[in-house]
Amino acid sequence: MAKELGRDPDQGNPKVRAPKHEAVGIPAVVNSVRFVGSQAGVKRGLPLLRTVNQVGGFDCPGCAWPEPGHRHPAEFCENGAKAIAEEGTRLTAGPEFFAAHPVADLADKSGYWLGRQGRLTHPMYLAEGAERYEAVSWDRAFDLIAEELAALGDPNGAAFYTSGRTSNEAAFLYQLFARRFGTNNLPDCSNMCHESSGSALSETIGIGKGSVSLEDLWAADLIIVAGQNPGTNHPRMLTALEKAKRAGARIVTVNPLPEAGMQRFKNPQAARGLAGRGTELTDLFLQIKVGGDLALFSAVNRMLLRAGEGAIDRDFIDEYTHGFEDLAAHHSAGDDDAALAEAVRHSGLTAVEIERLLAMVLGADKIVVCWAMGLTQHRHAVPTIREIVNFLLLRGNIGKPGAGVCPVRGHSNVQGDRTMGIWERMPDRFLDALGTEFEFEPPREHGHDTVDTIRAMRDGGVKVFFAMGGNFVAATPDTAATEEAMRRCRLTVHVSTKLNRSHVITGTRALILPALGRTDHDVQVGGEQFVTVEDSMGIVHSSTGQVPPLSDRMRSEIGIITGLARKVFGENDDVPWEALAADYDRIRTRIERVVPGFEDYNVRAREPGGFALPHAPRDERVFPTATGKANFTVNEVTSPEVGEGRLLLQTLRSHDQFNTTIYGLNDRYRGIHHGRRVVLVNPDDAVELGLPDGAHCDLVSEWSDGDRRAPHFKIVHYPTARGSAAAYYPETNVLVPLDSVADISNTPTSKSIVIRFEPDSGAATGPSEPAHNQKSTPDLKES
Ligand SMILES: Nc1nc2c(c(=O)[nH]1)N[C@H]1C(S)=C(S)[C@@H](COP(=O)(O)OP(=O)(O)OC[C@H]3O[C@@H](n4cnc5c(=O)[nH]c(N)nc54)[C@H](O)[C@@H]3O)O[C@H]1N2
Ligand SMILES: Nc1nc2c(c(=O)[nH]1)N[C@H]1C(S)=C(S)[C@@H](COP(=O)(O)OP(=O)(O)OC[C@H]3O[C@@H](n4cnc5c(=O)[nH]c(N)nc54)[C@H](O)[C@@H]3O)O[C@H]1N2
Ligand SMILES: [Mo]
């Protein structure tokens, strides 16, 4: 069970106002500057804001949205500014901080509080039975890790997690380290994020990445944005959508929530955006039930197959695809009216709405479908995305300008990390090349992904947990189970920039290793270094730190991996770790020889704007799948079953957070202020379930192994789709059962949790955002 946690005044008592209908504009500009100024100060803040996403500058540590070739002088957004401020802060949490705060006290603090203590400056060690972390030398820290790794016997007793901020160079060395040690246990944040997209796309088009560039988006006739909230999570995407719109594109939004960003966009980079009314983005809003997207796309595909000549692209289908006959047979079986009725039931949309979408599709030659977590974190996420591929293939909308698949990535280098080999199941051709380059035999047995790593820690199979960034215990599902699993490890190690929950829920021994971030100058023996990252559209470019590190004890991630490698593999290892760390060009030379698409890496990385990685389906309509063609798939329509008196809960991000990093307690666009423990419920559902607006309740999730409870949530009547509730992550991860995962991709189903509501127990427990003790009176009238 989750430990009873202390009281945290930071939670406040959420205040609720009407949701907004437009995004960005002046308030966002004011907020950006204010955030950076207050955290980083002028001396650090100004150079950061001037160089973020600029040629020669650093890549924003926020999301993975690409930069246009022609940069605006302010190529960042409000939430990028928050990410920069978070990392660029002047505050530090060094040895004095840890001396003053026993780990047990820190475990009582909210994630928000922990994050505000400043940058980590020294390697810190928590000895067995100790109450506090103490500063240690790097040498000693590496010895401790090497000792525990050596004691394992089986290399698969260690797991090496990666969050998506790690640079290409660091990621490449990190996976090399793990594989040279002898394991493919390389779980990453992507297992919880776009794994479903990767699974569906690899099978159908032969590559797990999106097939569009910014230019394609600008040139599209129709853009469907499904299961994504770009106004908060990819704000610069709104600029691209606006540009497309001005060039004549139409936009369809598919979402249970009417997100402000997709309604009206006030572009802060243009005078019209600041002074005018902004641009109306969405032409058709489909307020779908959570989990209803497979039914929607399946229905449209059936209709396309019925719509006669011209509705589908026969030439494309004949030349480039496989499996069309099966799909056609699947959709000609049964009665059309019954099929449409099924689609209506699963999606919560009306037949008229689905037909409206069909009409827009038939009027569009070039279609892009964009999506994010609203599609990937469901039990049936993989079939849903496969059905989107069917949809695009039917109309020849892959591999031509202005059309394609656009899974919008999360972390700024999560895609690059995968390209570099951070995956528990890298294909043999990669392992062969890696083994040849470094003259060793990489392990072939697949490793653990995130969910399996938790199971293995729980069952005693994994004893050493090492994290390159991230906040494992807060980001993963089933908080109580995961914390318990983490505590069963012999050693937990975190390479981190900021303090978080994962540092205080530890194994028998624990280490925190302070890393340089994107914004920090990185000077090695070979001089000042830059790193490279890959954005959501497969563009690789450089990132150079801009401000002096706050402590000379921090090390680059590369320095940390290579320092550890020298202890684990000895001074005379075949891999020249030290030389690689001295000059990152040498790492890029190695990457070039192992990973296809990186020819002339060191030259092209220095070109302004970087270079695009090859993408066979996009570039040449070549589909490197098992059949050698783009594959249609047959997907049975399904959606989560929700019993009487229950709702389907999706767990999402507020406007003031980056994953588990909480920047503030407001969610401005949704009208939520001063607190995060809210649950958004459709007013009609609320009335039926007897949930008064502003009252408090417990959320209880139901699973075959029993119930899980998240206490003390404030009910907010909100215009979400019927049957679909919403609350913030990570507070709600206590509710996500470890075994509730997507078929095939094994991604936790964070967007579809069956919950019921129980009277407020008032008990303030919770993993990373302990609730407050004030029993608040509802501040809204009942509706
Ligand atoms: N500022 C900021 N930027 C971020 C992040 C952040 O936390 N803060 N996180 C980064 C990361 S790692 C990621 S992965 C991305 C996440 O980016 P998003 O995927 O936009 O993030 P979520 O908040 O999870 O939002 C999911 C959206 O999907 C909708 N949705 C939920 N269920 C369904 C469904 O069944 N069907 C449909 N059609 N829609 C549904 C929700 O209403 C919501 O609008 O953002 C990245 N960028
Ligand atoms: N219920 C629910 N759970 C979810 C999701 C959801 O929608 N709902 N979303 C999932 C998704 S999409 C994702 S991607 C995961 C995110 O999972 P993670 O990537 O594990 O989590 P973050 O919160 O992004 O990690 C933040 C921490 O990373 C460290 N950090 C930041 N920058 C750097 C750096 O440059 N170097 C190093 N070494 N460390 C750094 C800091 O210490 C910070 O505290 O969460 C998943 N969990
Ligand atoms: Mo993500």
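Computed from a predicted model, the values in this text were never measured in an experiment. FYI, side chains are in, hydrogens and waters are out, and symmetry mates aren't considered; it's all heavy atoms of this structure. In listed order, ligands and their atoms are each counted from 1.
The nearest protein atom to atom 42 (O) of ligand 1, hydrogens excluded, is given as Asn255 OD1, 2.6 Å; this is a heavy-atom distance. Nearest protein heavy-atom contact of atom 40 (C) of ligand 1 is Pro256 CD, 3.3 Å. From the protein, the heavy atom lying nearest to atom 10 (C) of ligand 1 is Phe658 CZ, 3.7 Å. Summary of contacts: the protein heavy atom closest to atom 41 (C) of ligand 1 is Gln650 OE1, 3.2 Å. Nearest protein neighbour of atom 20 (O) of ligand 1, counting heavy atoms only, is Asn229 N, 2.8 Å. The nearest protein atom to atom 39 (N) of ligand 2, hydrogens excluded, is given as Gly469 CA, 3.3 Å; this is a heavy-atom distance. Counting only heavy atoms of the protein, atom 14 (S) of ligand 2 lies nearest to Cys189 CB, 3.7 Å. Of all protein heavy atoms, the one closest to atom 8 (N) of ligand 1 is Gln657 O, 2.7 Å. When hydrogens are left out, the protein atom nearest atom 25 (O) of ligand 2 is Gly470 CA, 3.2 Å; that is the closest non-hydrogen contact. Annotation: atom 28 (O) of ligand 1 to nearest protein heavy atom, Gly227 C, 3.2 Å.
Compare Thr519, Thr661, Asp188 by their heavy atoms: the one nearest to atom 26 (C) of ligand 2 is in Thr661. In this comparison of Ile560, Asn471, Asp478, the heavy atom closest to atom 21 (O) of ligand 2 sits on Asn471. Among Thr651, Thr497, Val736, the residue whose heavy atom lies nearest to atom 34 (C) of ligand 2 is Thr497. Nearest-residue assignment for atom 30 (N) of ligand 1 (options Ser750, Gly374, Ala475; heavy-atom criterion): Gly374. The option from Asp293, Thr253, Leu375 that lies nearest to atom 36 (N) of ligand 1, judged by heavy atoms, is Asp293. Between atom 16 (C) of ligand 1 and the options Lys82, His378, Arg653, the minimum heavy-atom separation is to Arg653. Of the options Gly291, Ala372, Pro640, the smallest heavy-atom separation from atom 35 (O) of ligand 1 is shown by Gly291. Summarising the contacts of atom 7 (O) of ligand 2 with Lys751, His503, Arg501, the nearest heavy atom is found in Lys751. Around atom 15 (C) of ligand 1, the closest heavy atom drawn from Glu259, His234, Lys289 belongs to His234. The residue from Val254, Ile662, Thr232 that puts a heavy atom closest to atom 1 (N) of ligand 1 is Thr232.
In this structure, the side chains of Tyr728 and Asp667 come closer than 4.5 Å at one or more pairs of heavy atoms. For the pair Val414 and Cys189, the minimum side-chain heavy-atom distance is below 4.5 Å. Side chains of Arg236 and Cys77 form a contact here, defined as non-hydrogen atoms less than 4.5 Å apart. With contacts defined as side-chain heavy-atom distances shorter than 4.5 Å, the pair Ser724/Gln650 does not qualify.
Remark: Arg501 engages Glu483 in a salt bridge, criterion side-chain N to carboxylate O under 4.0 Å. Ion pairing between a basic and an acidic side chain is recognised when a charged N comes within 4.0 Å of a carboxylate O; Arg418 and Asp188 show such pairing. Under the 4.0 Å criterion applied to side-chain N and carboxylate O atoms, Arg44 and Glu87 are not assigned as salt-bridge partners. Contact check on Lys82 versus Glu86 returns no salt bridge, with no Lys/Arg side-chain nitrogen under 4.0 Å from an Asp/Glu carboxylate oxygen. Under 4.0 Å is where a charged nitrogen must lie from a carboxylate oxygen, and between Lys751 and Asp293 no such pair does.
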Give the C-alpha distance, both sets of side-chain angles, the deciding distance and a yes or no for side-chain hydrogen bond (donor to acceptor under 3.5 Å, both in side chains) between Gln529 and Asp522.
-> CA-CA 6 Å; Gln529 305 295 317; Asp522 183 355; over 6 Å; no
Would you sort out whether Gln263 and Thr282 count as a side-chain hydrogen bond (donor to acceptor under 3.5 Å, both in side chains), showing the intermediate values?
-> CA-CA 6 Å; Gln263 296 178 42; Thr282 296; over 6 Å; no
Can you list the steps and then say if Tyr663 with His655 is a ring-ring contact (aromatic ring centres under 6.0 Å, His included)?
-> CA-CA 9 Å; Tyr663 301 134; His655 195 63; 9.5 Å; no
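Checking each of Thr166, Asn168, Asp535, Thr532 against Asn413 for a side chain to side chain donor-acceptor pair (under 3.5 Å) leaves exactly one that passes, namely Asn168.
Between Met373 and ligand 1, a contact under 3.5 Å exists for at least one N or O pair. Of the N or O atoms in Asn659, one or more lie within a sub-3.5 Å distance of an N or O in ligand 1. The distance criterion of under 3.5 Å between nitrogen or oxygen atoms is not met by Arg409 with respect to ligand 1.
Interface of Tyr161 with ligand 2, defined as ligand atoms under 4.0 Å from a residue heavy atom, comprises 17 (O), 18 (P), 19 (O), 20 (O). Those atoms of ligand 1 that come under 4.0 Å of a heavy atom in Cys193, given as number and element, are 14 (S). Each of the atoms 42 (O) of ligand 1 lies under 4.0 Å from some heavy atom of Leu257. Residue His411 has at least one heavy-atom neighbour below 4.0 Å for each of these atoms of ligand 1: 12 (S). Within the listing of ligand 2, atoms 41 (C), 42 (O), 44 (O) sit less than 4.0 angstrom from a heavy atom of Lys498. Near Cys63, the atoms of ligand 1 lying under 4.0 angstrom from a non-hydrogen atom of the residue are 47 (N). Close approach to Gly410 involves these atoms of ligand 1, each under 4.0 Å from a residue heavy atom: 10 (C), 11 (C), 12 (S), 13 (C), 14 (S), 15 (C), 46 (C). Every atom of ligand 2 is numbered from 1 in the order shown, and the set under 4.0 Å from a heavy atom of Asn500 is 27 (C), 42 (O), 43 (C), 44 (O). Near Ile288, meaning under 4.0 Å from one of its heavy atoms, ligand 1 places the atoms 36 (N), 37 (C), 38 (N).
At a 4.0 Å heavy-atom cut-off, ligand 1 touches Asn79 through the side chain alone. Contact annotation for Thr660 and ligand 2: heavy atoms of both the backbone and the side chain come within less than 4.0 Å of the ligand. At a heavy-atom distance under 4.0 Å, atoms from both the backbone and the side chain of Asn233 approach ligand 1. Residue contacts with ligand 2, taken as heavy atom pairs separated by less than 4.0 Å, involve Arg165 solely via side-chain atoms from C-beta onward. Residue-level proximity to ligand 2 for Glu557 is carried by the side chain, the only part with a heavy atom below 4.0 angstrom.
No donor-acceptor contact under 3.5 angstrom links the side chains of Ser551 and His122, judged on distance only. The closest side-chain donor-acceptor pair between His411 and Asn659 falls under 3.5 angstrom. Side-chain atoms of Ser654 and Arg676 include a donor-acceptor pair closer than 3.5 Å.
Ala510 and Tyr133 get closest at one heavy-atom pair: CB-OH, 3.5 Å. Here the closest heavy-atom approach between residue Thr492 and residue Met486 is recorded as CG2-O, 4.0 Å.
Within a 6.0 Å radius of CZ in Arg555, more than 12 heavy atoms belonging to other residues, nucleotides or ligands are found.
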